[in-house]
Amino acid sequence: MQSTSHKSVFKQYYLRCLIIFMLYISFVVLCIYVYPNIWSAVFCTILYIPVKIFIRISANKTIASVLFNDLNAQQFHQIITNNKHFLPPLSYRINAAFFTGDYQTVVNIVSCQIRKKRCSIKEKLFYLSLLARVYFELRDFDKLNLLLKKHDKIRELYPSKKLVNTANSIWSYYRYFLDGNFEACKTICREKHLELNSKAWDAKIRKLNNDFAYAVACYENGDTNDAIEYFESIISCAQNMHSSELSARYVEAIKTNSKMTLLSEIVPESIPLTSFSILYLRI
């Protein structure tokens with residue numbers, strides 16, 4: 001049975017959707033009544049596109065807010081999986097899996113999407129970035145290196161594409177990280193922090209991701225005091241996110257003077273490990 005908070009979230013969502021649909025239906029009826037012709041029907045059909053956009057915004061303001069504003073991944077996961085009347089979009093399912101530490105589900109979904117013929121170059125790069133985040137957090141740097149090579153190969157093959165290419169991109173961070181240049185990683189994180197828009201709807205979760213990347217760079221660089229400060233800050237402000245669990249493991253490793261190693265070996269299910277490099281290095 002859903003908790004009261006779950007019901008409250010969906011009550012807000014359905015109420016907003018109801019208002020949007022009522023306004024849309026009222027406008028359609030009025031438009032067809034005043035101008036009863038084919039062009040009115042065409043216009044009303046086209047008008048449904050912004051209606052869908054407003055519904056998605058409503059979902060982000062209510063359902064997704066549990067994850068992006070409240071930083072409660074467990075509750076978000078329960079909300080989108082325990083309501084049989086709500087079909088969560090792909091992005092919701094990926095985020096729910098990633099921020100609860102269900103990396104296997106993330107890898108399965110993304111590997112399936114990236115193999116689709118209709119997957120655009122921008123989408124490929126986006127999905128590759130999701131995989132990279134998974135293997136970075138798992139400390140599986142061999143697979144992270146494969147994904148970086150895949151990313152670079154796509155950029156070389158499609159130089160004319162208008163793709164994101166900033167000096168402080170996460171791919172630059174991974175490149176410096178794998179090269180052992182952790183000071184450069186820290187610089188990228190500091191610059192990204194200055195670029196964060198505190199009023200953006202996803203500002204909290206972006207800051208969380210950036211702080212975690214900065215803390216890991218500090219850990220690898222031997223700046224243990226700074227690393228502990230950032231990890232403990234994550235543990236304090238994001239108790240219901242998987243980042244908190246990972247941060248606790250780093251803090252324990254620092255305090256016990258033990259080394260963080262590969263946390264888990266994950267590949268797409270039903271695909272043998274030997275196929276990994278073939279799968280992700282092939283266009």
State, to 0.1 Å, how close [X] and [Y] come at their nearest heavy-atom pair, and which atoms those are.
X	Y	answer
Glu123	Ser120	OE1-N, 2.8 Å
Asp226	Cys218	CB-SG, 3.9 Å
Ile20	Ser58	CD1-OG, 3.5 Å
Ser198	Ala203	O-CB, 3.8 Å

Taking side chain as C-beta onward, heavy atoms only, is [X] less than 4.5 Å from [Y]?
X	Y	value
Phe231	Leu246	no
Leu90	Arg93	yes
Val29	Ile25	yes
Phe212	Asn209	no
Phe182	Val216	no
Ile63	Phe10	yes
Phe136	Ile170	no
Tyr176	Thr187	no

Look up atom [atom1] in [X] and atom [atom2] in [Y], then write down how far apart they are to the nearest 0.5 Å.
X	Y	atom1	atom2	result
Tyr135	Asp142	OH	CG	11.5 Å
Arg133	Ser129	CZ	OG	7.5 Å
His242	Gln74	NE2	CD	10.0 Å
Leu262	Lys143	CG	NZ	7.5 Å
Gln113	Ile94	CD	CD1	6.5 Å
Ile79	Ser8	CD1	OG	9.0 Å

Pairing residues for [X] by the salt bridge (Lys or Arg N to Asp or Glu O under 4.0 Å) criterion, not counting sequence neighbours:
X	answer
Lys186	Glu183, Asp223
Glu220	Arg139
Arg175	Asp152
Asp211	Lys207

Problem - By side-chain contact (heavy atoms from CB on, under 4.5 Å) - contacts of Thr105 (at least two apart) - result: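 Partners of Thr105 by the side-chain contact (heavy atoms from CB on, under 4.5 Å) criterion, ordered by chain and then number, come out as Ala97, Asp102, Ile109.
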
Practice task
State which residues pass side-chain contact (heavy atoms from CB on, under 4.5 Å) with Arg56; sequence neighbours excluded, sorted by chain then number.
Solution key: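 Counting only residues at least two positions away or on another chain, Arg56 forms a side-chain contact (heavy atoms from CB on, under 4.5 Å) with Asn60, Pro89, Ser91, Tyr92.
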
Name all residues meeting the side-chain hydrogen bond (donor to acceptor under 3.5 Å, both in side chains) criterion together with [X]; count only those two or more places apart in sequence or in a different chain, and write none if there are none.
X	answer
Ser244	none
Tyr24	none
Ser258	Thr256
Arg249	none

Do [X] and [Y] land in one hydrophobic cluster if side-chain heavy atoms of ILVMFWY residues count as linked below 4.5 Å?
X	Y	value
Leu23	Ile46	no
Leu196	Met241	no
Leu15	Phe21	no
Phe27	Ile32	yes
Phe98	Trp201	yes

[X] (side chain) donor-acceptor with [Y] (main chain) under 3.5 angstrom:
X	Y	value
Ser40	Pro36	no
Ser233	Glu229	no
Tyr219	Ala253	no
Ser247	Ser243	yes

What do you reckon, is [atom1] of [X] surrounded by more than 12 foreign heavy atoms closer than 6.0 Å?
X	atom1	answer
Arg206	CZ	no
Glu252	CD	no
Asn197	CG	yes

For residues 66-73, which side-chain N or O atoms pair as donor and acceptor with protein atoms under 3.5 Å away, sequence neighbours left out?
from, atom 1, to, atom 2, distance (Å)
Asn69, ND2, Ser65, OG, 3.0
Asn72, OD1, Gln75, N, 3.0
Asn72, ND2, Gln75, OE1, 3.4

Practice task
In sequence, state the C-alpha distance, the side-chain angles, and the governing distance for Arg155 and Trp171, and then conclude on side-chain contact (heavy atoms from CB on, under 4.5 Å).
Solution key: CA-CA 12 Å; Arg155 297 302 296 259; Trp171 290 108; over 6 Å; no

Handout entry: Aromatic contact, His151 with Tyr174 (centres under 6.0 Å)
Key =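 No: the rings miss the under 6.0 Å criterion.
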
Exercise for the section: Kindly say whether the aromatic ring centers of Tyr13 and Phe86 come within a distance under 6.0 Å. Expected result: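 Yes, they do, as the ring centres are separated by less than 6.0 Å.
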
Practice task
Could you list who else is in Tyr214's hydrophobic cluster, with ILVMFWY side chains joined at under 4.5 Å, directly or through other members?
Solution key: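 In the cluster with Tyr214 are Tyr230.
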
